[in-house]
A.B. asks: 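Handing you a structure now.
Remember, it's a predicted structure, so these values are computed and weren't measured experimentally. Order of the sequence lines sets the chain letters (A, B, ...), proteins ahead of strands, with each chain counted from 1.
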There are 2 protein chains.
Amino acid sequence: MAGETRKKVTLKDVSKASGLSLITVSRALRQPQTVHADTRAKIQKTIDELGYIPNLAARSLVSQRSDMIGVVVPILASSLFADFAEGVSKALEPQGQRVLLAVSNWQPEKEEEAIRTFIARQADAIILTGFSHTDAARRLLDRYDGPVVEAWNTRDNVIDSAVGFDNHAAAADMTRYLIDKGYRDIVMVGGSSVNNDQAADRTQGVIDAMTAAGREVGPETIVEFDNPATIESGGPLIRSLLARDRKPDAVFFLAELPAQGAMLWCLSNGVRVPRDVAIAGFGDLSLSALLPVPMTTVQIRGREIGEAAAAQTLQRLQGAPADRTVKDVGFQLQIRSST
Amino acid sequence: MAGETRKKVTLKDVSKASGLSLITVSRALRQPQTVHADTRAKIQKTIDELGYIPNLAARSLVSQRSDMIGVVVPILASSLFADFAEGVSKALEPQGQRVLLAVSNWQPEKEEEAIRTFIARQADAIILTGFSHTDAARRLLDRYDGPVVEAWNTRDNVIDSAVGFDNHAAAADMTRYLIDKGYRDIVMVGGSSVNNDQAADRTQGVIDAMTAAGREVGPETIVEFDNPATIESGGPLIRSLLARDRKPDAVFFLAELPAQGAMLWCLSNGVRVPRDVAIAGFGDLSLSALLPVPMTTVQIRGREIGEAAAAQTLQRLQGAPADRTVKDVGFQLQIRSST
DNA sequence: ATCTCGATGATATACGTGTATCATTCGATA
DNA sequence: TATCGAATGATACACGTATATCATCGAGAT
């Protein structure tokens, strides 16, 4: 920032400096084929000399688009959502779209507020994480006439379209695997399902798989940790579980960081995994495969979800019809030696 | 997105629906104290009924501000920069500012492009990571009349202001610690310094500390890994170092993920840390303290840098003078048992 | 009865870009 | 020479909001 306030260079300035009319300069930029190559070159030259940068706010006003796409993530730090956001950003950027970012901290009210400002800023599309929205947010999105993509889960009641994986199936698959593997006392450790469809679906997936196998599901079976799920929380959690009269022989963490924390606690405290207790995670952060006891987990490709969400958005912006697509990018059980 | 295209509700619509003049409605929103409480309530009621959302692009055109702040990070996935970005976003949001995000992939040309679009979109301020910019980017920023904050390092040739920590000192401190601790054959593993002032300063910090202590610094002492630094790269790196005729007794990784990878490889391959080889990292991701052999590293608080960068930006936007502030948020050696 | 003030309105202009309409110029072609 | 098309220009208006200026009107104070 220089000391004095500089006047901004506008199209009119370029027109004056180049001796050409405003309309010709505008045409040179918007419909280049209609103006002579020599003229275009001359205009480009003055643009470079003056350092003209078009005011996209003004353009947005008349073109009714902003080349910005609003993205809401619940959290960014130490999570797969960073991969997701990077995937979105990198896929959008070559198309001249920029990401307007908001971190909702898992609070639907913050998401609503973000949506409101995205709309106010004329965002061309909105990408959300999850299906948990306030009523007001739903109304806003209903009236909004741009693509809306809900990411990180697959469900039926889509607002517009969705990209993600089946959280319920992923949790259920892993649970069935643990049951088939012969574990008797499986405990699930998950996050709060309040305002979190992913947590809710995962939890329900576990419950459904358990009951389908004739297993009891009681308060002892389901333990809740606080969001955000940290690696630090894993140690105390597994410790308290192992201190129970009836020790679990397998613990399924519905998030990766606490699972890693639990694993590291076991390593440091002489608890043998999976002999003393089996541990399974959810997320497959890169560390998990490299642990001394590589961890069984559900692989999720956050970056891929981001890229797919961006791709779907761009297709819609290029005219693809609103057909309530729900794209399932899938997940994959990574069976390793911790179970 | 609904089927039909909906007409947007404008101030004029609110004016018509409420029976009040355009100017009064505008005043009710911009200078509430000048209009009667009853009238304000009436206006608010119609705003709610119509679902009016002001067009910030139009407002931006006349107010010459956008309430958006451009942020460039080199990478987001699995890195401290996610903490940084989250810190920035959360600190800006209560002030009604939104983050325009760009991921540069460590490429100055991408940063330049991002800066250009930030300016075009009338961003009120720009927050960058690092001091490595293209010449064109420098010219753009010189002409730009909003605050510019360069984050993640401290240097003298600041464009406008900076927030970060002294990468050179951090690397030098750790190196001195290793030397004082008695390690004879210290090898440094760092990222490419090309277009990366942080990597360059850290590397130089190691070199300076080594030569100050009378140690030889040769090609054997300095090993380079590819960016982005991954946890997977750590294993092969330490393996090749330990296969040398002259094995290092300490390895200082200038990034945290490869250090963690190296540590895990040692754990899995019977290499005792620090007895066979000491390992130090740089970054202090939460995992490092929880490893079976807790890792010595340099603690960096990415989130704090983000918050400080945002705070500095906001102060400037609220009128604080451009005094080329360089805020040092510091770092901290975390001496643990891996050295 | 005059004056002041609070509240509201009418009108105009500005912000920077895009575009529709119509006009002009010039060189090439029939 | 008449015609046509390509290239450029002049003018006007639109996008949605903000605000400056001046006007109006009624209630209360002097």
Side-chain angles (χ1 to χ4, degrees), chain A residues 5-44 46-47 50-68 96 117 119-124 145, chain B residues 5-44 46-47 50-68 96 117 119-124 145:
Chain A
T5 303
R6 227 176 318 279
K7 253 208 4 248
K8 278 184 180 147
V9 181
T10 72
L11 254 201
K12 198 187 283 184
D13 298 324
V14 175
S15 143
K16 279 181 195 155
S18 66
L20 291 158
S21 75
L22 185 65
I23 177 74
T24 303
V25 178
S26 177
R27 276 199 274 249
L29 294 178
R30 311 305 301 162
Q31 300 125 18
Q33 70 286 358
T34 66
V35 358
H36 196 87
D38 294 351
T39 316
R40 278 211 306 270
K42 190 173 171 186
I43 290 173
Q44 188 56 53
T46 36
I47 283 179
L50 296 183
Y52 167 71
I53 296 180
N55 183 331
L56 296 192
R59 179 179 295 175
S60 164
L61 198 55
V62 43
S63 70
Q64 303 289 7
R65 43 194 306 244
S66 63
D67 292 330
M68 297 190 298
T117 71
I119 295 177
R121 290 184 167 84
Q122 315 300 307
D124 291 348
D145 55 22
Chain B
T5 303
R6 227 175 317 278
K7 255 212 353 258
K8 277 182 182 151
V9 180
T10 73
L11 254 201
K12 198 186 284 183
D13 298 327
V14 175
S15 142
K16 279 181 197 158
S18 66
L20 291 159
S21 74
L22 186 63
I23 177 72
T24 303
V25 178
S26 177
R27 277 200 274 250
L29 295 178
R30 312 303 301 161
Q31 298 126 20
Q33 70 286 0
T34 66
V35 359
H36 196 88
D38 294 352
T39 316
R40 279 211 305 273
K42 189 173 171 186
I43 290 174
Q44 188 55 53
T46 36
I47 283 180
L50 297 182
Y52 167 71
I53 297 180
N55 183 332
L56 296 192
R59 180 179 296 174
S60 164
L61 197 55
V62 42
S63 69
Q64 303 289 8
R65 45 195 303 249
S66 63
D67 292 331
M68 296 190 298
T117 71
I119 295 177
R121 290 185 168 84
Q122 315 299 115
D124 291 348
D145 57 20

A.B. asks: Write down the distance between CD1 (B:Ile43) and C1' (D:dT17), rounded to a whole number of angstrom.
C.D. replies: 15 Å
A.B. asks: Could you measure the distance from the CG atom of B:Leu20 to the CZ atom of B:Arg27? Nearest 0.5 Å is fine.
C.D. replies: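 It is 11.0 Å, given to the nearest 0.5 Å.
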A.B. asks: Taking only the side-chain heavy atoms of B:Gln31 (C-beta and beyond), determine which of D:dT19, C:dT19, D:dT17 contains the nearest atom.
C.D. replies: D:dT19
A.B. asks: In Å and rounded to the nearest 0.5 Å, what is the CD1 to CG distance from A:Ile43 to A:Asp38?
C.D. replies: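 Here the interatomic distance stands at 11.0 Å.
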A.B. asks: Nearest 0.5 Å, what's the NZ-CD1 distance between B:Lys8 and B:Ile53?
C.D. replies: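 The NZ atom of B:Lys8 sits 9.5 Å away from the CD1 atom of B:Ile53.
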A.B. asks: Whole Å only: how far is the NZ atom of A:Lys42 from the C1' atom of D:dG9?
C.D. replies: 14 Å
A.B. asks: Anything under 3.5 Å between a protein N or O and an N or O of nucleotides 6-8 of chain D, put it in a table, one pair a line.
C.D. replies:
from	atom 1	to	atom 2	distance (Å)
D:dT8	OP1	A:Thr39	OG1	2.1
D:dT8	OP2	A:His36	N	2.9

A.B. asks: Take the protein atom CG of A:Asn55 and the nucleotide atom C1' of D:dG16, then report the distance between them rounded to whole Å.
C.D. replies: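 A:Asn55 atom CG is separated from D:dG16 atom C1' by 14 Å.
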A.B. asks: Where the side chain of A:Leu61 is concerned, which of D:dA18, D:dG16, C:dG18 is the nearest nucleotide?
C.D. replies: D:dG16
A.B. asks: Could you pull out all residues at least two apart from A:Ser26 that satisfy side-chain hydrogen bond (donor to acceptor under 3.5 Å, both in side chains)?
C.D. replies: none
A.B. asks: In whole angstrom, what separates A:Tyr52's OH from C:dG16's C1'?
C.D. replies: 8 Å
A.B. asks: Table please: side-chain donor-acceptor pairs of residues 28-35 of chain B below 3.5 Å, with sequence neighbours left out.
C.D. replies:
from	atom 1	to	atom 2	distance (Å)
B:Thr34	OG1	B:Gln31	O	2.8

A.B. asks: Between atom CZ in A:Arg65 and atom P in C:dG18, what is the gap in whole Å?
C.D. replies: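 Interatomic distance, CZ of A:Arg65 to P of C:dG18: 12 Å.
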A.B. asks: Among all residues two or more places apart in sequence or in another chain, which pass the side-chain contact (heavy atoms from CB on, under 4.5 Å) test with B:Thr46?
C.D. replies: B:Val14, B:Ala17, B:Ser18, B:Glu49
A.B. asks: Mind calculating the distance between CG (B:Leu11) and P (C:dG9) to the nearest angstrom?
C.D. replies: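 After rounding, the gap between these two atoms is 14 Å.
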A.B. asks: Which part of the nucleic acid does A:Ser26 contact within heavy-atom distance under 4.0 Å: base, sugar-phosphate only, or nothing?
C.D. replies: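 Base contact.
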A.B. asks: Hey, what are the protein-to-nucleotides 25-29 of chain D N/O distances that come in under 3.5 Å?
C.D. replies:
none

A.B. asks: Closest heavy-atom contact between A:Ser21 and A:Ser15?
C.D. replies: C-OG, 3.8 Å
A.B. asks: Compile the donor-acceptor pairs under 3.5 Å between side chains in residues 55-66 of chain A and protein atoms, sequence neighbours left out, one pair per line.
C.D. replies:
from	atom 1	to	atom 2	distance (Å)
A:Asn55	OD1	A:Ala57	N	2.8
A:Asn55	OD1	A:Ala58	N	3.2
A:Ser60	OG	A:Arg65	O	3.2
A:Ser63	OG	A:Arg59	O	2.8
A:Ser63	OG	A:Arg65	N	3.4
A:Ser63	OG	A:Arg65	O	3.4
A:Arg65	NH2	A:Asp67	OD1	2.8
A:Ser66	OG	A:Met68	N	3.2
A:Ser66	OG	A:Gln122	O	2.6
A:Ser66	OG	A:Asp124	OD1	3.4

A.B. asks: Please give me the minimum heavy-atom distance between B:Thr24 and B:Thr39, naming the atom from each residue.
C.D. replies: CG2-CG2, 4.2 Å
A.B. asks: To the nearest angstrom, how far is A:Leu56 atom CG from C:dG18 atom P?
C.D. replies: 9 Å
A.B. asks: Expressed as a whole number of angstroms, how long is the span from B:Leu22:CG to C:dT13:C1'?
C.D. replies: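 Spelled out: CG on B:Leu22 to C1' on C:dT13 is 14 Å.
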